[in-house]
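When a residue number appears, it is its place in the shown sequence, counting from 1.
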Amino acid sequence: MEKRKIEIMDTTLRDGEQTSGVSFSAAEKLTIAQLLLEELNIDRIEIASARVSEGEFQGVSGIMSWAEEKGYTDRIEVLAFVDGGISIEWMKKAGAKVQNLLTKGSLNHLTHQLKKTPEQHFDEIAKSITLANENGISTNVYLEDWSNGMRNSPEYVFQYLDFLVTQPVKRILLPDTLGVLIPSDTFEFISKITAKYPNIHFDFHAHNDYDLSVANVMEAVKAGINGLHVTVNGMGERAGNAPLESTVAVINDFMPEVKINIKESSLYSVSKLVETFTGYRIPANKPIVGDNVFTQTAGIHADGDNKNNLYFNDLLPERFGRKRKYALGKTSGKANIEKNLQELGLKLNPEDLKLVTQRIIELGDKKETVTKEDLPYIISDVLDSQSYEEKIVVESYVLVHAKGLRPSTTLCLKIDGEIFEENAQGDGQFDAFMNALSKIYKTKKMILPKLVDYAVRIPPGSSSDALCETIITWTHNGKEFKTRGLDSDQTVAAIIATQKMLNVVVI
Ligand SMILES: CC(=O)SCCNC(=O)CCNC(=O)[C@H](O)C(C)(C)COP(=O)(O)OP(=O)(O)OC[C@H]1O[C@@H](n2cnc3c(N)ncnc32)[C@H](O)[C@@H]1OP(=O)(O)O
């Protein structure tokens, strides 16, 4: 069976730019337009609304000069208004060749916003289409608020469509302007239209107010739509539009009767670039492009993946230029850790693996994010601690840092089972800790090694709340040695390193 071709129209540069707080520069628009058409193979793009601003004019002109050279001008569209030719004039100057004429698809909008009768509106639309043709501009027509129109004034919608199909219009664009459709309505409304006008090209333009945009897109396809409007990362007015990434995946995986030509493997890189240009962060759980969506967190899932990829679905990350990851945290098991070790080219014996797993679970319990890059540090920290018996233990402490007061520490130390408590002030919290420790050592007539260097580093590639490693160099009896501590808190890491030093010296 021959597959039915569906056109994908990306409106990131028009509706996507209607995301509150987002504005593309002319250069950014050109870069995104080039990637959409050439890298992703999007059929058509909508790049601006006419008349908006001088910057928008520069953006459209830039894209159109490039498109002229490439022969792409009929794939590039500009939203235009029924305004007696002002939009046409603007587009002509910018070199744009396709107008998406914004007209009223509900009686409510027509009556209350334009305050016109259907006949007056149709007459002005016809003039606008004629004028566009005379200026070498072809026309698609938006029926704004069409979904409410189908619900509340269907006789108006069909009266309008009866008129429109007599006009030299290339495509009719059906927007769910307010995102009020549910899947069953989408199917019913579009089926009625495609049944009545089987030879006309209709696009569906979803909005995501109820998080139903992709579900509605699927119903629109089943109801015989010819084109779909999407945006990168689902950007757009209010809750946004149907996301390009999910739309492509759903069609490719669940609608075998339909053909689209989008290059899946470039979806992620384009999504990231749009994120960078807009500063509009992709939620970590956003399908296909979110940071977390190809990360297995549960130990059971990682184990299942080791046994025949049991927790894979058809959304393989490699399809989209991404990689599966195995998170490290309190829900990790050995399998998560092994998967990460494999990537680092490391191997641990089962006992050490257990110890490292335990440590990662402890860290996860403290809400710390552990990354693959942290692993070598954790391994060396954990295995290091096993190499001696802890005779001296930091039982508890209070660190006080208050404005106007010197930092102070109260320390409770256990030496061979006996508890000692002291407090002291210092130049910083760790200095106060060391002073309290020094007092205890003096009482016991023990010699405390001298601190000669203190270095802190964050494992490269770690996440922001990652571990911090404190490495302290000490001298004792003329010998120099280092200990290290690992924690998300720098002072705590230093105290861990100090406790190690106390025990190493005891040995
Ligand atoms: C489905 C969508 O997302 S539609 C997106 C449409 N795109 C935009 O709105 C782009 C940004 N908009 C703008 O830059 C401006 O609103 C402009 C340039 C279009 C108009 O600006 P202004 O002249 O200052 O008008 P303002 O924004 O206050 O109001 C819109 C006017 O357009 C009219 N209008 C509404 N729909 C249409 C239409 N389809 N065609 C023509 N005019 C329309 C309104 O009735 C109102 O006219 P009025 O002032 O005579 O009552």
Side-chain angles (χ1 to χ4, degrees), residues 9 11 13-19 44 46-52 77-84 86-88 90-91 98-129 132 139-165 167 169-181 185-186 189-190 192-193 197 200-210 213 216-217 220 225 227-231 235-242:
M9 195 283 257
T11 178
L13 299 177
R14 198 279 294 171
D15 211 331
E17 203 180 25
Q18 287 172 222
T19 307
R44 299 150 42 209
E46 187 178 51
I47 58 170
S49 291
R51 294 174 46 185
V52 164
E77 304 169 2
V78 170
L79 183 140
F81 305 97
V82 187
D83 54 9
I86 306 172
S87 293
I88 304 280
W90 192 96
M91 286 179 61
V98 184
Q99 69 160 338
N100 289 344
L101 188 61
L102 187 70
T103 72
K104 297 303 180 195
S106 74
L107 199 53
N108 190 28
H109 273 215
L110 177 63
T111 314
H112 294 106
Q113 193 169 34
L114 292 188
K115 303 189 191 320
K116 299 215 161 129
T117 63
E119 290 70 22
Q120 285 171 320
H121 193 38
F122 301 164
D123 184 50
E124 288 178 354
I125 290 163
K127 285 187 178 134
S128 188
I129 296 169
T139 300
N140 302 318
V141 178
Y142 268 116
L143 271 63
E144 198 185 9
D145 200 35
W146 159 83
S147 41
N148 275 319
M150 287 299 284
R151 230 173 239 162
N152 304 321
S153 52
E155 55 303 321
Y156 164 74
V157 175
F158 284 102
Q159 179 196 359
Y160 182 20
L161 287 172
D162 285 344
F163 152 75
L164 214 46
V165 296
Q167 295 294 304
V169 161
K170 244 178 150 174
R171 303 177 187 88
I172 297 178
L173 320 176
L174 305 175
D176 179 16
T177 304
L178 299 179
V180 293
L181 287 182
D185 285 347
T186 308
F189 294 165
I190 293 179
K192 279 185 183 156
I193 287 177
Y197 309 100
I200 302 292
H201 177 118
F202 290 101
D203 277 3
F204 175 59
H205 177 110
H207 273 278
N208 207 28
D209 296 67
Y210 286 92
S213 61
N216 288 338
V217 156
I225 209 78
L228 294 168
H229 295 188
V230 295
T231 56
M235 293 170 65
E237 187 101 20
R238 304 185 312 277
N241 293 66

Looking at [X] and [Y], would you say the former's side chain and the latter's main chain have a donor-acceptor pair under 3.5 Å?
X	Y	value
Asn208	Gly240	no
Arg151	Val180	yes
Thr19	Glu237	no
Asn100	Tyr142	no

Going by heavy atoms in the side chains, are [X] and [Y] under 4.5 Å from each other?
X	Y	value
Asp83	Arg51	yes
Leu174	Phe189	no
Ile200	Ile193	no
Val78	Ile47	yes
Phe158	Met150	yes
Asp162	Tyr197	yes
Phe202	Leu161	yes
Pro154	Lys192	no

Determine the minimum heavy-atom distance between [X] and [Y], stating which atoms define it.
X	Y	result
Leu107	Pro118	CD1-CG, 4.2 Å
Ala242	Ser213	CA-OG, 3.5 Å
Gln99	Ala132	NE2-CB, 3.3 Å
Ala50	Met91	CB-CG, 4.4 Å
Ala80	Ser87	CB-CB, 3.7 Å
Ser128	Ile88	O-CD1, 4.0 Å

Which of parallel (below 30°), tilted (30 to 60°) and perpendicular (above 60°) describes Phe122 and Tyr156?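 The rings of Phe122 and Tyr156 lie parallel, inter-plane angle below 30°.
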
Between Tyr160 and His121, how do the two ring planes meet: parallel, tilted or perpendicular, split at 30° and 60°?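 Tyr160 vs His121 ring planes: tilted.
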
Can you tell which of Thr177, Thr186, Asp176, Asp185 makes a side-chain hydrogen bond (donor to acceptor under 3.5 Å, both in side chains) with Ser147?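 That would be Asp176.
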
If the test is side-chain hydrogen bond (donor to acceptor under 3.5 Å, both in side chains), which one of His205, Lys104, Gln113 qualifies with Glu144?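 Going through His205, Lys104, Gln113 one by one, the side-chain hydrogen bond (donor to acceptor under 3.5 Å, both in side chains) with Glu144 is satisfied by Lys104 alone.
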
Stepwise side chain to side chain contact (heavy atoms under 4.5 Å, CB included) test for Asp15 and His229: CA-CA 10 Å; Asp15 211 331; His229 295 188; over 6 Å; no

Matching residue for Asn216 among Leu181, Ile190, Leu228 - test: side chain to side chain contact (heavy atoms under 4.5 Å, CB included):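 Answer to the side chain to side chain contact (heavy atoms under 4.5 Å, CB included) test with Asn216 among Leu181, Ile190, Leu228: Leu181.
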
N-O pairing of Arg171 and Glu77 below 4.0 Å: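 Result for this pair is yes, salt bridge flagged.
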
Show, in sequence, the C-alpha distance, side-chain angles and deciding distance for Arg44 and Asp203, and conclude whether the side chain to side chain contact (heavy atoms under 4.5 Å, CB included) test is met. CA-CA 12 Å; Arg44 299 150 42 209; Asp203 277 3; 2.7 Å; yes

Among side-chain atoms of His109 and Asn148, is any donor-acceptor pair under 3.5 angstrom?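 Per modelled atom types, His109 and Asn148 side chains form no pair under 3.5 Å.
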
